[in-house]
Amino acid sequence: MGVRINGELVVWERDRLAFERLQQRLARRGASAVEASRQWPAHYVVFDLVHAGEDVTGWAYERRWRRCSRTWAWRRR
């Protein structure tokens, strides 16, 4: 089954999203990029399910989210 999701790559710093840290990570290359990935780990936050074996964009958001939640085991770290 092909699945397509919509989300965003984020970096957390303390208790907030730090977009500037993500930008800094993306600008680095080589060993500097490796160090930045250790210092500011990135996470992919899923917002929506777009395709689950079929186009589901016509479904109500709540229905898509229930399907998305069943697809992965959601756990908060």
Side-chain angles (χ1 to χ4, degrees):
M1 168 176 71
V3 174
R4 283 186 228 135
I5 52 178
N6 186 15
E8 184 173 349
L9 191 62
V10 299
V11 172
W12 287 94
E13 186 173 49
R14 295 185 267 303
D15 291 333
R16 69 177 190 89
L17 293 176
F19 182 69
E20 65 278 6
R21 298 291 179 238
L22 180 60
Q23 288 179 310
Q24 291 169 356
R25 276 194 57 178
L26 294 173
R28 296 186 183 199
R29 300 290 180 261
S32 178
V34 172
E35 178 57 34
S37 72
R38 289 185 185 120
Q39 187 174 4
W40 303 306
H43 307 273
Y44 190 76
V45 177
V46 175
F47 298 141
D48 198 1
L49 180 65
V50 178
H51 192 275
E54 63 179 314
D55 182 1
V56 298
T57 55
W59 294 4
Y61 177 76
E62 293 79 14
R63 182 179 176 194
R64 292 193 315 268
W65 185 247
R66 280 193 308 271
R67 176 72 177 268
C68 191
S69 296
R70 284 194 320 263
T71 303
W72 291 279
W74 297 96
R75 291 186 208 123
R76 192 169 185 179
R77 292 183 184 200

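Since we're looking at a predicted model, the values are computed, not measured.
Put simply, the side chain of Arg25 gets close to the backbone of Trp40: a donor and an acceptor are under 3.5 Å apart.
Note that the CG atom of Leu22 and the CD atom of Glu8 stand 8.0 Å from one another [nearest 0.5 Å]. Here the straight-line distance linking atom CZ of Arg66 with atom CG of Leu49 works out to 12.0 Å at 0.5 Å rounding.
Of the candidates Gln24, Arg21, Gln39, Gln23, Val11 forms a side chain to side chain contact (heavy atoms under 4.5 Å, CB included) with just one, namely Arg21.
Between Tyr44 and Val46, the closest side-chain pair of non-hydrogen atoms falls below 4.5 Å.
Residues Phe47 and Tyr61 share a closest heavy-atom pair of O-OH, 3.0 Å.
Residue pairs meeting the side-chain hydrogen bond (donor to acceptor under 3.5 Å, both in side chains) criterion with at least one partner in residues 45-57, sequence neighbours excluded, are Asp48-Arg64, Asp55-Thr57. Sorted by first and then second residue, the side-chain hydrogen bond (donor to acceptor under 3.5 Å, both in side chains) pairs involving residues 26-37 (not counting sequence neighbours) form an empty list.
Under the 4.5 Å side-chain heavy-atom criterion for ILVMFWY residues, no single connected hydrophobic cluster contains both Trp12 and Phe19.
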